[in-house]
Amino acid sequence: QTVINLGKLHSFRKRLNSSVSTCRCLLVRKYSDVPRKFISFEEVAAQRRAQARRSLVVQVNSESSFKELHGYCSEYSDIKGVHHYNNSSGEHFMLIEFASEENLKDVLKTCSAHQKDVDVMSLQSPFLWFRAVQGKREKYTTPATSLAITEGNAAVNEDKLFEGLTTCASVSDQIQMLYDQTVLNDVGVRLRYMVARQLEVIFASLYSNIAIRPFGSSVNGFGKMGCDLDLVLTNVLPEEMSDPKKRLVYHEKKCEGGRNPWQRHMELVAELLELRVPGAGRVTRILNARVPIVKYTHEFTDVECDLCYNNMSGVYMSELLWLFGSLDPRVRPLAFVVRRWAHTAGLTSPHPGRWITNFPLTLMVLFFLQQKTKEGVVLPPLKYLVQRAGKEDVRIAEDNLNCTFLRDMNKLPPDTYSQNTASLETLLVQFFEFYAQFDFQDKAISINEGMAIRKPNGLPLYIVNPLEQTLNVSRNVSYEECERIRMEVRNTAWQLETAMEEKTDDWGLLCLIERKTSRGLKKLLRVGNSQRLVSVKDLFKDDDSVPCENELKSKLE
Ligand code: GTP
Ligand code: MG
């Protein structure tokens, strides 16, 4: 939306020795007459939820069903857009967005159902299929809306990505490209909101005022294509329903049986997922954990889901990460490359255990960006956002947890924005140098303070939970894993020094990240050689939950 003077861009780039994309972001900020306008996390979530309420996902024969499906639905409603994707089973789907929720209801009135027997029951959900017609077909005109062909939830083509990275002009461009090509795209976000909407529709009659909200990397701006979907179920009564003056009151149902009521509700939810949610498969119950969750695979969209109850602090945490990510355009690309590096180095794993995960790694990136370097800081500490919070920002989560911080970044004084104009390349090198020297033994990482604080206990890695400062989000990390982090950080700091200078085959990022195929083999070899070799007894030690069969299998492998 801002016209950039190319002459300015190039002179700015020269001065900074920075990438075009980084300069573009900085220039938009520096020379734009348009005031910066942040859209709040809640506004984005509300827009996405509304979009899902007026959308359907329809399984079709192939891409060529577009004209017929479009023609058929247009007879009843206005269509805003159609996106096509394949799932991993090769099935074809069209995500249709209608002009309004009313329009969608008109289409739903025309739907039919299929009921073979008690073991195949039909039900209403926003996931449908388009019946092929035998014999004479209706003739539909070519639609005005064009079909967007998308990857759905498929992970990025690694070969293409590596080809692109090789041709970049600078390491900063590589970092930006890695981010641009792997970040969760619009259809990935839409599909995740559709998965959430499906549960809302199906459970609506059981839980009053139900809301199923996505949180975690699917919505915090740090999600990549194919990332999992964290969902939270809430059923808070609206104010008008809690009015004591109203005379007719619904009877309640007491949850009997002594155990934690929400554990029992999550058991029911798991049963419902198995019996009543089309597309939901491989349901796993992890109900004895601190936050009981039900895991399932959504087969129509290829999304792995973790559903929990009332964990609003997880949502506010995602909001916090989202805000930090939107304060400066370099935050997310830098976090992406660090997360990818950690994955390549085998420091993270898709399975829970004694190693670091993406969430604390992201906090480490934010913390580094709060440090004062000779170029200045990039991000303010969280306490700065807490001090500036108004009445409208007050949020109290479960267990009376205060999650209040400034939500509207438009209210920040202009001098909050970083004067630091370091390129992504410089920031990446500084990240590894910073942690190569960090005193993990005595210090804790706190994004609240923006500076290292004394560790309150002897746990190997201490990263303060920003919303519950007495907790450590990396309490699960073992001494060996923490040592591995320190070692990998030091090695990488050293490795980068040479990789930045010499233009060999694996210059820049190419030496930090590698293709998935070879990574799998490398990791297997590493597991065989290192302390990571786990015994069955170890698998159950210190763990909140019993690993599910698949996790167990993969750990044993
Ligand atoms: P990936 O799933 O690896 O892509 O990243 P993620 O950010 O989604 O991490 P994860 O699925 O492990 O956790 C989901 C979200 O839960 C995080 O983004 C945080 O918002 C929140 N979360 C994770 N760990 C904690 C914790 O210890 N305390 C609290 N309050 N929230 C947490
Ligand atoms: Mg997640």
Side-chain angles (χ1 to χ4, degrees), residues 41 45 153 155-156 179 182-184 188-189 192 195-196 213-233 286 289-298 303-325 331-332 335-344 347-366 382 395-405 444-448 459 461-477 543-545 551:
F41 178 82
N153 192 41
V156 175
Y179 170 71
T182 57
V183 67
L184 185 61
V189 178
R192 283 163 171 75
V195 170
R213 290 189 179 81
F215 71 104
S217 58
S218 295
V219 294
N220 67 14
F222 293 93
K224 61 174 193 286
M225 288 299 289
C227 69
D228 72 356
L229 170 61
D230 302 288
L231 293 169
V232 57
L233 183 162
I286 305 176
R290 192 172 64 89
V291 180
I293 59 167
V294 175
K295 286 175 162 293
Y296 70 99
T297 306
H298 198 275
V303 176
E304 297 295 328
C305 308
D306 283 2
L307 175 65
C308 60
Y309 169 73
N310 203 30
N311 176 30
M312 281 307 285
S313 64
V315 178
Y316 297 138
M317 190 77 86
S318 308
E319 184 169 19
L320 191 63
L321 260 53
W322 190 86
L323 287 177
F324 274 118
V331 177
R332 289 171 183 154
F336 262 62
V337 71
V338 170
R339 287 163 77 135
R340 174 80 190 224
W341 158 81
H343 177 69
T344 305
L347 294 173
T348 52
S349 153
H351 308 291
R354 297 154 175 214
W355 33 90
I356 194 162
T357 61
N358 281 331
F359 169 62
L361 258 179
T362 311
L363 294 183
M364 283 175 72
V365 174
L366 299 183
L382 172 55
R395 304 284 186 284
I396 307 296
E398 69 281 357
D399 302 327
N400 240 350
L401 197 63
N402 192 345
C403 301
T404 304
F405 48 83
I445 290 163
S446 160
I447 69 157
N448 304 67
L459 282 170
L461 181 61
Y462 205 107
I463 303 176
V464 175
N465 181 328
L467 297 179
E468 222 173 337
Q469 291 179 57
T470 52
L471 299 182
N472 172 9
V473 297
S474 52
R475 63 192 170 281
N476 62 312
V477 177
D543 237 350
D544 280 345
S545 56
E551 281 168 18

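In listed order, ligands and their atoms are each counted from 1.
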Shortest protein heavy-atom distance from atom 3 (O) of ligand 1, along with the residue and atom involved: Asn358 ND2, 2.9 Å

Ligand 1 atoms in contact with Ser313 (distance to a heavy atom under 4.0 Å): 30 (N)

Per-atom contacts, ligand 1 versus Ser318 - under 4.0 Å to a heavy atom: 20 (O)

Option set Arg339, His343, Met317, Lys224, criterion heavy-atom distance to atom 29 (C) of ligand 1, minimum: Met317

pair Val331-Phe222: side-chain heavy atoms closer than 4.5 Å: yes

Minimum side-chain heavy-atom gap Ser217-Asp228 below 4.5 Å: yes

For atom 24 (N) of ligand 1, the protein heavy atom that lies nearest, with its residue and separation: Phe359 CD2, 3.3 Å

Distance-only side-chain donor-acceptor flag, Ser474 / Asn476, under 3.5 Å: no

Enumerated ligand 1 atoms positioned under 4.0 Å from heavy atoms of Gly314: 20 (O)

The Mg ion (ligand 2) reached by Asp306 (N, O or S, under 2.8 Å): no

Atom of Asp228 nearest the Mg ion (ligand 2) (restricted to N/O/S, atom name only): OD1

Atom 14 (C) of ligand 1: the protein heavy-atom neighbour that sits closest, reported with distance to 0.1 Å: Asp230 OD2, 3.4 Å

Close approach of Val473 to ligand 1, heavy atoms, under 4.0 angstrom: yes

pair Arg192-Leu184: side-chain heavy atoms closer than 4.5 Å: yes

Asp230: its N/O/S atom lying closest to the Mg ion (ligand 2) (atom name): OD2

Contact partition for Asn220 relative to ligand 1, non-hydrogen atoms under 4.0 Å: side chain

Test item: Arg332 and Phe324 side chains (from C-beta on) under 4.5 Å apart, heavy atoms: no

Donor-acceptor under 3.5 Å (Ser318 side chain, Gly216 main chain): yes

Test item: Arg339 and Thr348 side chains (from C-beta on) under 4.5 Å apart, heavy atoms: no

Side-chain donor or acceptor of Gln469 paired with backbone N/O of Val464 under 3.5 Å: no

Asp228: numbered ligand 1 atoms lying under 4.0 Å from its heavy atoms: 2 (O), 11 (O)

Check: Thr404 side chain, Arg395 main-chain N or O, donor-acceptor pair, under 3.5 Å: yes

Leu467 touching ligand 1 at heavy-atom level, < 4.0 angstrom: no

Pair Ile356-Met364, side chain to side chain contact (heavy atoms under 4.5 Å, CB included): steps then yes or no: CA-CA 11 Å; Ile356 194 162; Met364 283 175 72; 3.8 Å; yes

Asn220 side-chain N/O to Trp322 backbone N/O, donor-acceptor pair under 3.5 Å: no

Pick from Ser217, Cys227, Pro214: the one approaching atom 4 (O) of ligand 1 most closely through a non-hydrogen atom: Ser217

Sub-4.0 Å protein heavy atom near atom 12 (O) of ligand 1: no

Test side chain to side chain contact (heavy atoms under 4.5 Å, CB included) applied to Val232 and Val291, Val315, Ile293, the passing residue: Val315

Ligand 1 contacted by Gly223 (non-hydrogen, < 4.0 Å): no

Phe215 and ligand 1 - part of the residue with a heavy-atom distance under 4.0 Å: side chain

Those atoms of ligand 1 less than 4.0 Å from some heavy atom in Asn465: 28 (N), 29 (C), 30 (N)

Atom indices of ligand 1, in the order listed, that fall short of 4.0 Å to a heavy atom of Gly216: 8 (O), 14 (C), 15 (C), 18 (O)

